[in-house]
Amino acid sequence: MNATANEWPLWEVFVRTKAGLDHKHCGSLHAADPKMALQMARDVYTRRQEGSSVWVVRSDQIVASDPGDKDMLFDPADDKVYRHPTFYKLPDAVDHM
Amino acid sequence: MYTQAMDTMAREGAGKLERVLGADEQVLQDRFDARIDAGDFIEAKDWMPDNYRKTLLRQISQHAHSEIVGMLPEGNWISRAPTLKRKAILLAKIQDEGGHGLYLYAAAETLGTSRDQMIEALHSGKAKYSSIFNYPTLTWADIGTIGWLVDGAAIMNQVPICRCSFAPYARAMIRICREESFHQRQGYDSLLVMMRDGTDAQRAMVQDAVNRWWWPCLMMFGPPDDQSPNSAQGMRWGIKRVSNDTLRQKFVDATVQQAGVLGVSLPDPDLKWNEERQHWDFGAIDWAEFWRVVGGDGPCNRERLAMRVKAWEDGAWVREAALAHARKQSMKEAA
């Protein structure tokens with residue numbers, strides 16, 4: 001028998017701690033359906049007023065980059081220092097711009 | 001501790017942690033070692049040595065089992081808590097333990113083993129949980145003592161794991177440690193009420209509970225450093241950060257003063273301040289008892305495991321029905 005055949009599917013949980021902030025990934029849980037996933041996310045991850053909104057997403061629906069592709073994906077940003085404001089040396093009188 | 005897994009693996013035939021590598025693997029291994037040395041975190045999808053994965057899976061899953069089995073001795077007292085306030089506090093604490101178990105199972109699952117496989121390992125006796133939960137909770141004072149001493153020892157042990165090299169475990173531990181302080185404080189608070197405002201009989205009950213839990217709590221930290229064959233590798237990997245004896249000493253030093261404020265004595269005639277070491281000396285621990293309890297022969301091993309298995313089996317129809325319902329609903333939606 002497949003070890004996971006009867007397991008409830010895995011969900012990733014994202015919590016917004018208060019209005020105005022991003023939803024942030026805080027963990028995962030098993031639940032049979034979306035409604036149960038939301039309820040369980042509330043119980044597991046917001047027992048101390050940590051949340052004002054919760055997202056749950058089936059883990060198998062998330063597309064992620066491969067850690068092995070890290071260099072290929074992110075190196076190109078390394079030599080583009082001109083994308084940062086600190087690259088530009090301006091006269092002191094206007095340097096606060 | 002909740003993390004005795006690495007200490008007990010040598011005796012359980014889990015084998016040695018080092019092995020010989022091929023050339024390709026050696027490159028990956030060197031890169032991995034360099035990352036560990038640099039204090040980098042390892043994420044679930046990163047390359048890691050097989051034994052690192054195996055050791056972590058073992059430690060995290062057994063830590064998770066400990067949280068879940070740890071709900072049982074306290075659960076016995078929910079219906080018998082002396083006031084509504086204490087009942088609400090106890091319920092919240094036990095719910096936290098369930099939550100901690102879930103964070104940890106989720107962290108362990110990222111290593112490629114399913115939740116059901118871990119639960120099966122617990123139920124078949126293959127996986128262990130902390131020795132401490134094989135002791136009985138005989139009186140209400142045991143509940144306060146568990147909060148004060150058992151959770152106090154757990155905090156001592158768990159804080160360094162927040163810096164574990166395996167990031168999913170470290171993240172779970174940060175969350176757990178944030179919630180754990182309440183557990184210790186509520187326990188101490190409940191004992192304080194009995195010691196200050198209670199009857200002589202209640203004070204004697206607190207002392208009796210402390211007498212029974214003290215030594216098993218010291219055992220939680222695992223065997224002495226010179227008898228922990230896998231500690232060095234655990235330190236090398238950044239899984240274990242502080243040695244068993246160091247943590248145990250830290251716990252004793254912190255607890256002696258707390259016992260004084262509470263007005264209880266600790267059951268150790270050899271306990272005395274060592275001016276030279278600037279630490280409290282304490283008596284010899286009965287390691288034969290520790291290995292007996294780890295080996296399955298503690299006061300409550302059979303009862304605890306039987307409870308877990310029964311709960312799992314009794315709940316099977318609920319899990320199946322929920323899944324069947326979800327499948328039916330999604331079929332209806334697709335139609």
Side-chain angles (χ1 to χ4, degrees), chain A residues 1-18 22-51 54-75, chain B residues 28 31 35 41-48 91-110 112-121 167-168 171-172 174-176 178-179 181-182 315-330 332-333:
Chain A
M1 190 194 79
N2 181 341
T4 59
N6 290 314
E7 265 189 10
W8 288 346
L10 193 64
W11 303 73
E12 299 302 320
V13 180
F14 300 80
V15 171
R16 184 205 297 280
T17 48
K18 60 179 186 192
D22 295 333
H23 283 82
K24 209 175 141 199
H25 183 246
C26 67
S28 47
L29 52 78
H30 290 274
D33 59 44
K35 194 173 153 203
M36 186 195 280
L38 263 186
Q39 266 169 6
M40 289 175 63
R42 196 272 314 258
D43 290 343
V44 177
Y45 291 105
T46 66
R47 289 193 300 281
R48 288 178 176 75
Q49 300 157 298
E50 294 98 333
V54 180
W55 289 350
V56 290
V57 184
R58 279 279 294 256
S59 306
D60 57 13
Q61 296 296 307
I62 289 183
V63 183
S65 66
D66 183 333
D69 294 343
K70 185 168 150 275
D71 296 346
M72 183 181 79
L73 284 173
F74 304 111
D75 275 2
Chain B
L28 292 167
R31 209 176 289 162
R35 289 184 66 187
F41 285 108
I42 307 298
E43 290 288 349
K45 296 236 165 74
D46 295 343
W47 186 90
M48 60 186 85
L91 274 168
K93 178 182 190 295
I94 296 172
Q95 192 190 13
D96 273 358
E97 309 295 4
H100 295 177
L102 292 179
Y103 308 154
L104 289 162
Y105 278 130
E109 281 170 79
T110 67
T113 299
S114 76
R115 178 86 54 101
D116 281 1
Q117 284 172 317
M118 287 186 258
I119 289 174
E120 161 59 24
R171 286 194 287 268
I174 289 169
R175 193 173 285 280
I176 289 172
R178 220 164 29 211
E179 299 181 347
S181 172
F182 138 64
W317 72 271
V318 180
R319 294 191 299 278
E320 284 159 20
L323 205 54
H325 177 72
R327 280 179 186 144
K328 220 188 232 171
Q329 291 298 318
S330 67
K332 236 189 249 170
E333 261 169 50

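Note that the structure is predicted; figures quoted are calculated from it, not measured. Labels below follow one simple rule: chain letters A, B, ... track the order of the sequence lines, proteins then strands, and each chain is numbered from 1.
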Problem - Backbone of B:Arg319 reached by a side-chain donor or acceptor of A:Trp8 within 3.5 Å - result: yes
Practice task
Verify, without hydrogens or angle tests, whether B:Glu179 (side chain) and B:Asp96 (backbone) share a donor-acceptor contact under 3.5 angstrom.
Solution key: no
Practice task
Kindly give the heavy-atom pair with the smallest separation between B:Leu104 and B:Ala172, and that separation in Å.
Solution key: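 Closest heavy-atom pair between B:Leu104 and B:Ala172: CD2-CB, 4.2 Å.
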Handout entry: Segment of B:Gln95 engaging chain A (4.5 angstrom heavy-atom cut-off)
Key =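 Both backbone and side chain.
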Handout entry: Contacting region of B:Arg171 [heavy-atom separation from chain A under 4.5 Å]
Key =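 Contact with chain A involves no heavy atom of B:Arg171 at all.
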Problem - Most chain A-contacting option - heavy-atom pairs closer than 4.5 Å, from B:Gln329, B:His325, B:Arg175 - result: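 Answer, by heavy-atom pair count under 4.5 Å with chain A: B:Arg175.
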Problem - Choice from B:Ala322, B:Gly99, B:Ala92 maximising heavy atom contacts with chain A below 4.5 Å - result: B:Ala322
Handout entry: Heavy-atom contact with chain B under 4.5 Å, split by part of A:Glu50
Key = side chain
Handout entry: A:Trp55 and A:Phe14 aromatic ring geometry - parallel, tilted or perpendicular at 30°/60° bounds
Key = tilted
Exercise for the section: Could you tell me whether A:Asp60 and A:Arg58 make a salt bridge, using a distance below 4.0 angstrom between a side-chain N and a carboxylate O? Expected result: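 Salt bridge between A:Asp60 and A:Arg58, a charged N being under 4.0 Å from a carboxylate O: yes.
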